[in-house]
Asker: 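One structure, as structure tokens, below. Some questions next.
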Amino acid sequence: METPPPPPRRDPPRRVVVCGGGVIGVCTAYFLSKSAGAAASVALVEQSSVACAASGKAGGFLALDWCDGGPLGPLARASFDLHRALAAELDGPRAYGYRALTTLSLTVKESESGSGSGQQPKRGGPRDAVLPDWVDGPGRAARAIGSTATTAQVHPRLFTRALLDKAVRDYGLEVVIGKAVRVDAGSGGGSGRVSAVVLEGGRVMEADAVVLALGPWSGKFGLLSSLFRVYGLKAHSIVLEPREPGAIGPEALFLSFLPSGGGPAMDPEVYPRPTGEVYLCGMSSQEEVPDDPEEVAPNPESITVLKRVAWAVSSHLAEGEAGVKAEQACFLPCTEDEVPVIGELPGLEGCYVATGHSCWGILNGPATGAAVAELVLEGRAQTVDLTRFSPARFVLSRKR
């Protein structure tokens, strides 16, 4: 049987607009502008400010193999390696706190005296050999779940900004502050091809390729919400500044936290940073995403619980021993099938989407950005196979 000829190769785009200034959009714009060179102009459109939402308030935890066995496995592995390569290229340890670290899981049962009454937490019983000295609260059942070969971290806002600054300075990326309200199609290329992005206020940015990396705001963009659902999971975090930052080691903690008053266990996470800060996150719930990223505010009761967690984990994080630098919340973009949506939109040539990364956005930003850039510029992703992430899966499921 004669092999069918390959599909005709499209002309590469001359004007590319990326909508969304979070880590996914910035990574995509970075690789697009780096690869395109003078052959195409690349612009990044952001409604508020770059990395103002989850990409500025996330933990920045990276794991090589935690997604193995599922659709995200190859994407996560490729992205973990890309993070390492980018850190070497951009001086990541100095510029945005990139470092490998050990990751532990442990159970912390909150004692009555450690629940915010002004006393120091009680020490637990016999200590696990794997438990670091700075974790001096009632921790038990500690075990290593990641090594310096398989887990690492970045400061997400600094990472996103470092990529953006490099792309603007060296690769000619244009940054536009404005809200994308729709994608137009048809002008000169038929009704099924993208032609422009229209911003609030009426500005029209001509484009022959558009990438929509809108995170949880994908659900508020009509073109996307008509095809699939992206909802926001509101996650809370605090950033502490210990009086003795040198006492905190480079160990990430994944906790099973048992509140003193009873009730179900919680699963907060603790990430010390090379800057001396300690980041704690948890307390997630599905809520309505506001129109403006700047309107996202934390729920006070969730912040109170995170402070109690800090107190129970370590005396170095107790009230009076650590200042509170930030109390914050952000929305993680989630899909119904728990798989990101990455690829060209069915029926609209030249319009691509990259969203729905949930809690793995910082980890998977580089490989997503590199793969989408390849898809846009070359017609096929080489970094990782994007078939499983295609938005076409939602159209196919409706036909069954």
Asker: Would you call Pro259 and Glu110 a side-chain contact if the rule is heavy atoms closer than 4.5 Å?
Answerer: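 Pro259 vs Glu110: side chains touch.
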Asker: Side-chain contact test, heavy atoms from C-beta onward, threshold under 4.5 Å: evaluate it for Thr102 versus Thr148 and give yes or no.
Answerer: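 With C-beta onward as the side chain, the pair touches.
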Asker: Mind checking the CG-CZ spacing from Leu258 to Arg140? Nearest 0.5 Å is all I need.
Answerer: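 If we round to the nearest 0.5 Å, Leu258:CG and Arg140:CZ are 6.0 Å apart.
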Asker: Would you check if the side chain of Glu349 reaches a backbone N or O of Glu344 as a donor-acceptor pair within less than 3.5 Å?
Answerer: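 Side chain of Glu349 to backbone of Glu344, a donor-acceptor pair under 3.5 Å: no, none is there.
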Asker: More than 12 heavy atoms of other residues, nucleotides or ligands under 6.0 Å from CD of Glu206: is that the case?
Answerer: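 Result for CD/Glu206: open.
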Asker: When you measure from the side chain of Tyr279 to the backbone of Lys57, do you find a donor-acceptor pair of N or O atoms at a distance under 3.5 Å?
Answerer: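 Looks like yes, one N/O pair under 3.5 Å.
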Asker: Please name the pair of heavy atoms, one in Tyr271 and one in Cys281, separated by the smallest distance, quoted to 0.1 Å.
Answerer: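 What the structure gives for the nearest pair is CE1-SG, 4.3 Å.
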Asker: Indicate if Leu240 and Met266 have the same hydrophobic cluster label, given that clusters are the connected sets of ILVMFWY residues with side-chain heavy-atom separations under 4.5 angstrom.
Answerer: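 In one cluster with Leu240: Met266, yes.
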Asker: Can you give me the closest heavy-atom contact between Ala141 and Thr107, atom names plus distance?
Answerer: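 Smallest interatomic distance, heavy atoms only, reads CB-OG1, 4.3 Å.
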Asker: Tell me if a side-chain donor or acceptor on Trp217 pairs with a main-chain N or O of Pro333 at a distance below 3.5 Å.
Answerer: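 No, the answer is negative, given that no donor and acceptor are paired below the 3.5 Å cut-off.
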Asker: Rounded to the nearest 0.5 Å, how far apart are CG of Leu101 and CG of Leu253?
Answerer: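 Nearest 0.5 Å value for the CG-CG distance: 10.0 Å.
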Asker: After noting the C-alpha distance and the side-chain angles of Glu269 and Phe61, does the key distance pass the side chain to side chain contact (heavy atoms under 4.5 Å, CB included) rule?
Answerer: CA-CA 10 Å; Glu269 301 160 17; Phe61 179 75; 5.8 Å; no
Asker: I need the Lys234 NZ to Ser302 OG distance, nearest 0.5 Å.
Answerer: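 Output value for this atom pair is 8.0 Å.
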Asker: Short question: side chain of Gln47, backbone of Lys179 - any donor-acceptor pair under 3.5 Å?
Answerer: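 Flag not set: sc Gln47 to bb Lys179 has no pair under 3.5 Å.
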Asker: Would you say that Ser105 contacts Ser256 through its side chain, given a criterion of any heavy-atom pair below 4.5 Å between the two side chains?
Answerer: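 Result no, sub-4.5 Å side-chain heavy-atom pair not found.
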Asker: Between Ser314 and Ala310 (side chain of the first, backbone of the second, donor and acceptor by atom type, cut-off under 3.5 Å), is there such a pair?
Answerer: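 The answer is no, because no donor-acceptor pair under 3.5 Å joins these two groups.
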Asker: Can you find a heavy atom in the side chain of Thr275 that is under 4.5 Å from one in the side chain of Glu241?
Answerer: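 The answer is no, as the side chains (C-beta and beyond) never meet within the 4.5 Å cut-off.
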Asker: Between Arg182 and Leu223, is any pair of side-chain heavy atoms under 4.5 Å apart?
Answerer: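 No, every pair of side-chain atoms sits at 4.5 Å or beyond.
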Asker: Is the closest side-chain heavy-atom distance between Gln328 and Val239 below 4.5 Å?
Answerer: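 Yes, side chains in contact.
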Asker: Do Tyr96 and Leu163 have side-chain heavy atoms sitting under 4.5 Å apart?
Answerer: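 No. Closest side-chain heavy atoms not under 4.5 Å.
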Asker: Would Val17 and Val45 satisfy side chain to side chain contact (heavy atoms under 4.5 Å, CB included), going step by step from the backbone distance to the final call?
Answerer: CA-CA 7 Å; Val17 176; Val45 176; 3.7 Å; yes
Asker: What is the minimum heavy-atom distance between Ile24 and Gly361, and which atoms define it?
Answerer: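 Closest pair (atom of Ile24, atom of Gly361, distance): CD1-O, 3.8 Å.
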Asker: Would you check if there is a donor-acceptor pair between the side chains of His357 and Thr368 at a distance under 3.5 Å?
Answerer: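 Distance-only check passes for Thr368 and His357.
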Asker: Can you measure from SG (Cys27) to CG (Leu164) and round to the nearest 0.5 angstrom?
Answerer: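 Those atoms lie 10.5 Å apart.
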Asker: Please report the closest heavy-atom contact between Arg273 and Arg99, naming both atoms and the distance.
Answerer: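 Heavy atoms of Arg273 and Arg99 come nearest at C-NH2, 3.6 Å.
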Asker: I need the single residue from Leu363, Leu86, Ile362 that forms a side chain to side chain contact (heavy atoms under 4.5 Å, CB included) with Val154. Which is it?
Answerer: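 Single pass found, and it is Ile362.
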Asker: Taking only Lys NZ, Arg NE, NH1 and NH2, and the carboxylate oxygens of Asp or Glu, determine whether Asp170 and Lys166 approach each other closer than 4.0 Å.
Answerer: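 Yes, Asp170 and Lys166 are salt-bridged.
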Asker: Quick check: are there more than 12 heavy atoms from other residues, nucleotides or ligands sitting under 6.0 Å from CD of Glu294?
Answerer: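 Enclosed.
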Asker: With rounding to the nearest 0.5 Å, note down the distance linking CG in Leu375 to CD1 in Ile342.
Answerer: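 Spacing of CG (Leu375) from CD1 (Ile342) equals 10.0 Å.
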Asker: Looking at every non-hydrogen atom in both residues, tell me the closest pair between Asn364 and Leu72 and how far apart they are.
Answerer: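 Where Asn364 meets Leu72 most closely, the heavy atoms are ND2-CD2, 4.0 Å.
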Asker: Hydrogens and angles aside, do Ser315 and Asp136 bring a side-chain donor and acceptor to less than 3.5 Å of each other?
Answerer: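 Yes, a side-chain donor-acceptor pair sits under 3.5 Å.
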Asker: Quick one: does any side-chain atom of Ser55 pair with a main-chain N or O of Val23 as donor and acceptor, under 3.5 Å?
Answerer: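 Indeed, once roles are kept as given, a pair shorter than 3.5 Å links the two residues.
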Asker: Count the heavy atoms of every other residue, nucleotide or ligand shown that sit under 6.0 Å from CZ of Arg380, and state whether that count exceeds 12.
Answerer: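 Counting neighbours around CZ of Arg380, 12 or fewer heavy atoms of other residues, nucleotides or ligands fall under 6.0 Å, so no.
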Asker: Check for me, please, whether Leu173 and Leu90 land in the same ILVMFWY cluster - side-chain distances under 4.5 Å, paths through other members count.
Answerer: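 Yes.
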Asker: So, does Thr150 use its side chain to make a donor-acceptor pair with the main chain of Gly146 at under 3.5 Å?
Answerer: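 Such a contact is absent between Thr150 side chain and Gly146 backbone.
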Asker: Please assess Thr151 against Trp66 for the test side chain to side chain contact (heavy atoms under 4.5 Å, CB included), listing each intermediate value before the final yes or no.
Answerer: CA-CA 9 Å; Thr151 53; Trp66 287 24; 4.1 Å; yes
Asker: Do Thr383 and Glu374 get their side chains close enough for a donor-acceptor pair, meaning under 3.5 Å?
Answerer: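 Result is yes, a qualifying pair exists.
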Asker: With a 4.5 Å heavy-atom cut-off, do Arg393 and Asp337 have their side chains touching?
Answerer: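 They are in side-chain contact.
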Asker: Checking ring-ring contact (aromatic ring centres under 6.0 Å, His included) against Phe228, which of Phe221, Phe394, Phe389 comes through?
Answerer: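 Answer after filtering Phe221, Phe394, Phe389: Phe394.
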Asker: May I have the step-by-step check of side chain to side chain contact (heavy atoms under 4.5 Å, CB included) for Tyr352 and Thr28, ending in yes or no?
Answerer: CA-CA 11 Å; Tyr352 305 83; Thr28 302; over 6 Å; no
Asker: So, does Arg193 use its side chain to make a donor-acceptor pair with the main chain of Ala185 at under 3.5 Å?
Answerer: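 Between the backbone of Ala185 and the side chain of Arg193 there is no qualifying donor-acceptor contact (under 3.5 Å).
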Asker: Using ring centroids (six-membered ring only for Trp), state whether Phe159 and His83 fall under 6.0 Å.
Answerer: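 Under 6.0 Å, so yes.
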Asker: Work out which heavy atom in Arg84 is nearest to a heavy atom in Ala149; give both atom names and the distance.
Answerer: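 For Arg84 versus Ala149, the nearest heavy atoms are NH2-O, 4.0 Å.
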Asker: With a 4.5 Å cut-off on side-chain heavy-atom distances among I, L, V, M, F, W and Y, is there a chain of contacts connecting Leu214 to Leu233?
Answerer: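 No, separate clusters.
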Asker: Would the distance check show the side chain of Asp208 and the main-chain N or O of Arg14 forming a donor-acceptor pair, the cut-off being under 3.5 Å?
Answerer: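 Yes, the answer is positive, given that a donor and an acceptor are paired below the 3.5 Å cut-off.
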Asker: For the backbone of Glu301 and the side chain of Asn299, can you confirm whether one donor and one acceptor N or O come within less than 3.5 Å of each other?
Answerer: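 Between the backbone of Glu301 and the side chain of Asn299 there is no qualifying donor-acceptor contact (under 3.5 Å).
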Asker: Would Ile145 and Phe80 show up in the same hydrophobic cluster when neighbours are defined by side-chain heavy atoms closer than 4.5 Å?
Answerer: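 Yes, same cluster.
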Asker: How long is the straight-line distance from OG of Ser226 back to CG of Leu345, given to the nearest 0.5 Å?
Answerer: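 One finds 8.5 Å between CG of Leu345 and OG of Ser226.
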Asker: Membership question, hydrophobic clusters at under 4.5 Å side-chain separation (ILVMFWY): are Leu332 and Trp360 in the same one?
Answerer: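 Unlinked, Trp360 and Leu332 end up in two clusters.
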